[in-house]
Amino acid sequence: MLSVLVPTPVYARIGSVLCYSSTLALPAGTLVRVPLGARETLGVVWDADAQQVRGELDADKIKPITSVLDGLAPLNVAWQQLVAFTARYYQRSLGEVALAALPPQLRELSTAQIQRRLQRGKAQGDAAGDAAGLPQEQPPELPQLSPEQAQVVAQIQAHAGPFLLFGATGSGKTEVYLRSAQAVLAQDAQAQVLVMVPEINLTPQLEQRFRQRFAPLWGADAVVSLHSGMTNPQRLASWLAAHSGQARIVLGTRMAVLASIPHLRLIVVDEEHDPSYKGSEGARYSARDLAVYRGHLEGAKVVLGSATPALESWYHSRPAAEGGRYLRLHMPSRVGASAADGVNGLPVVRRVDMNHQPRHAVFSVPLLAAIKERIARGEQSMVFLNRRGYAPVLHCADCGWKSACPHCSVFRVFHKIDRTLRCHHCGFTEPVPRACPTCGNPDIAPQGRGTERLEEHLAELLLDVRRPEGELVRIARIDADTTRHKGALQSQLAAVHAGEVDVLVGTQMIAKGHDFRRVTLVAAVNPDDALFASDFRAPERLFSLLMQAAGRSGRDAGQVAGSEVWIQSSQPAHPVYDALKRYDYPGFAARQLHERQQASLPPFSAQALVRAEARSQEVAQLFLNAASAAAQTEMAQWPGWPEVLAHITLYPSVPMNIQRVANIERAQMLVESASRTALQHFLSGWQAILHATSQSPAAKGLIRWAVDVDPLAI
Ligand code: ADP
Ligand code: ZN
Ligand code: ZN
């Protein structure tokens with residue numbers, strides 16, 4: 001008898017490990033098709049020689065598997081262990097994690113169809129291999145490494161890791177990744193490398209650099225991408241190439257961390273601090289943390305890279321003598337920068353005290369002058385505001401009406417371009433009313449400012465300004481609204497690169513990763529919000545965003561000298577901005593870590609959240625409180641568990657920050673412990689109690705619940 005993983009979520013009645021019979025001896029990791037209820041589904045053989053898992057089932061009720069996906073090697077033991085760890089650590093079912101890690105088409109296509117894809121991939125690979133043998137493409141000439149790069153590359157060679165590569169923007173981290181990959185691939189003809197980036201938008205850029213470097217050496221098919229922006233057939237092809245060992249380099253977003261890569265020898269996590277490595281639905285795993293675990297499991301080196309590491313990673317890379325687990329590598333200087341170019345070749349930071357500017361000024365006088373100067377010189381500026389739309393709310397001054405969303409506990413955002421009010425949470429969209437819906441006042445006005453309004457305002461301010469050749473100023477905007485259509489972002493970026501834009505206005509989208517060569521001024525017009533946010537990670541995110549934005553300025557070595565970063569703030573002396581001015585991440589991190597230690601926050605404690613959704617807030621909270629109470633009473637009876645409970649703090653349930661979305665009420669409960677092991681232990685036991693509570697009368701009306709381990713937003 002076999003046990004087989006099937007795709008059922010953790011809260012489903014049946015387990016996700018089911019028993020089937022087979023006339024063939026199938027090793028664990030074999031992909032099979034099995035009947036599940038009335039359907040047929042993809043499954044992964046888990047235990048090749050299982051004892052009966054579901055005791056209530058008679059032996060003669062055990063169904064045979066339908067078929068085996070021939071031609072696909074079984075998923076290896078390391079992959080199985082990775083899935084098992086992920087499910088255990090993140091409190092999900094084995095089947096859910098395993099099946100979500102496989103490309104969707106593997107579920108949909110017949111065995112024969114998959115066979116054909118596999119053949120096609122092989123044929124292409126062989127053809128490419130032949131072509132690679134021809135001396136048509138010269139291996140590219142490698143740039144001379146900077147002394148910092150050379151030292152870091154040597155350290156990665158010499159040590160086991162994991163490594164935290166703390167490298168300034170523009171210090172040439174990608175070149176370090178390329179060299180390290182090359183060393184690993186050259187050493188072992190089967191070796192494979194996984195390189196992860198936080199965003200789909202950043203993969204084409206990276207793919208190009210890796211392809212240029214490695215296609216001449218190992219053929220065009222040696223590099224594949226894996227991310228959710230690809231079509232299902234593309235994803236299947238990449239996955240098959242990685243699984244068969246044909247792809248030597250897999251580039252991808254967070255999902256790639258669970259791909260089958262049987263000869264994995266190196267994992268790179270670029271921009272490791274980026275919150276998008278942590279999932280926001282399904283198994284909310286942290287791809288960065290799993291990468292470290294996977295490296296350990298498979299004997300692959302792990303390199304985490306960032307200019308502003310996550311505070312957790314920074315803490316883990318403290319000296320080994322103090323308990324650090326990662327080896328910290330440092331590249332402080334921009335490639336090609338000279339000592340004359342500010343701090344390590346980074347642009348000068350200027351802070352504007354908005355208390356001394358005209359009230360309600362959006363652009364301070366000196367910032368506007370600096371932008372005009374750039375335009376006159378034919379240079380580009382980037383203005384950055386983390387809020388899209390025209391105005392975050394419409395407001396009636398007579399009766400106090402505001403453009404609340406009827407379905408969510410947020411305001412709908414005013415978009416002037418099509419005169420709509422749009423909810424950014426449930427999508428509910430209506431035309432702007434002609435007059436106030438409550439009192440009829442025709443004079444309803446926008447309050448606050450988003451990128452759309454900023455762009456409009458800036459255009460007015462720059463109306464009299466001319467470019468060097470006497471033409472009008474050209475302003476462009478990049479945010480989620482202007483890049484909705486496929487290819488829109490690419491063409492807008494191309495316009496910026498071509499110098500067709502003088503001022504680029506945008507959200508954090510423009511702060512990330514893009515290599516703008518002609519930008520010599522970056523301005524954050526209103527970054528203060530994050531200083532007062534309730535989320536203890538807000539300052540960390542703000543600092544890293546501003547550092548990244550700063551990295552956009554003066555990318556061309558020749559321009560660094562005149563490059564500037566402007567921060568408009570009503571608290572310009574705030575420690576966050578002070579550290580930014582000096583590009584002092586270590587100072588910032590030390591201060592933040594000290595505060596977190598005082599408050600027993602991560603990384604000095606471990607957290608989990610249970611979130612519940614229901615038609616009413618009361619029900620959502622009742623469920624959480626009942627599950628909490630049950631944990632205390634029931635676990636106290638289990639031998640050995642009172643000691644576990646003693647290390648756990650269960651907080652009262654509270655409404656989530658955005659309490660209602662699409663008419664569903666949301667509540668959460670925080671669980672905290674000084675010991676990660678104790679928290680894990682507790683959660684594993686609590687799972688059954690949560691499940692039972694969700695079925696009890698106390699939870700009538702509950703829609704769903706989920707555990708989020710190591711949550712990023714609380
Ligand atoms: P990071 O990822 O650290 O921000 P990049 O790897 O993108 O930095 O490097 C910044 C720029 O410097 C890129 O244009 C890259 O091609 C260039 N570069 C990197 N290393 C070298 C080198 N050793 N010699 C010359 N140019 C380099
Ligand atoms: Zn009104
Ligand atoms: Zn809404």
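Excluded from the calculations below are hydrogen atoms, water molecules and symmetry mates; all remaining heavy atoms, backbone and side chain alike, are included. Counting convention: from 1, in listed order, for ligands and their atoms alike.
Taking 2.8 Å as the criterion, H424 does not count as a coordinating residue of the Zn ion (ligand 3), since none of its N, O or S atoms falls below it. Residue side and main chain included, H407 places no N/O/S atom under 2.8 Å of the Zn ion (ligand 3). Within the 2.8 Å limit, H425 places no N, O or S atom next to the Zn ion (ligand 3).
Minimum heavy-atom separation, T169 to M547: OG1-O, 4.1 Å.
For T174, heavy-atom contacts with ligand 1 shorter than 4.0 Å involve the backbone as well as the side chain. Only the backbone of A168 comes within contact range of ligand 1, with a heavy atom under 4.0 Å; no side-chain atom does.
Ligand 1 has no nitrogen or oxygen under 3.5 angstrom from a nitrogen or oxygen of V335.
Taking every heavy atom of S171 and a limit of under 4.0 angstrom, the matching atoms of ligand 1 come to 3 (O), 8 (O). Interface atoms of ligand 1 facing Q144, defined by a heavy-atom separation under 4.0 Å, are 22 (C), 23 (N), 24 (N). The L145 neighbourhood of ligand 1 comprises atoms 23 (N), with distances under 4.0 Å to a heavy atom of that residue. In the vicinity of R209, heavy-atom distances shorter than 4.0 Å reach the ligand 1 atoms 5 (P), 6 (O), 7 (O), 15 (C), 16 (O). Of all atoms in ligand 1, numbered sequentially from 1 with element shown, those under 4.0 Å from a heavy atom of P143 are 22 (C), 24 (N). Counting atoms of ligand 1 from 1 in the listed order, those under 4.0 Å from a heavy atom of S146 are 23 (N).
Taking the six-membered ring for Trp and thresholds of 30 and 60 degrees, F623 and W705 have ring planes inclined between 30 and 60 degrees apart.
Taking a 6.0 Å sphere around CD of E500, one finds it holds more than 12 heavy atoms contributed by other residues, nucleotides or ligands. The environment of CZ in R484 is crowded: more than 12 heavy-atom neighbours from other residues, nucleotides or ligands sit within 6.0 Å. In this structure, Q490 places its CD atom where more than 12 heavy-atom neighbours from other residues, nucleotides or ligands lie under 6.0 Å away.
With T451 as the partner, the side-chain hydrogen bond (donor to acceptor under 3.5 Å, both in side chains) test is satisfied by one option alone out of D479, T482, D481: D479.
Annotation: side chain of V268 is not in contact with side chain of F163 (no heavy-atom distance under 4.5 Å).
Interatomic distance, OG of S409 versus CD of Q659, reported as 5.5 Å (0.5 Å rounding).
Computed with the Zn ion (ligand 2) at the centre, the C439 SG to C396 SG angle is 100°, stated to 10 degrees.
Ion pairing between a basic and an acidic side chain is recognised when a charged N comes within 4.0 Å of a carboxylate O; R611 and D708 show such pairing.
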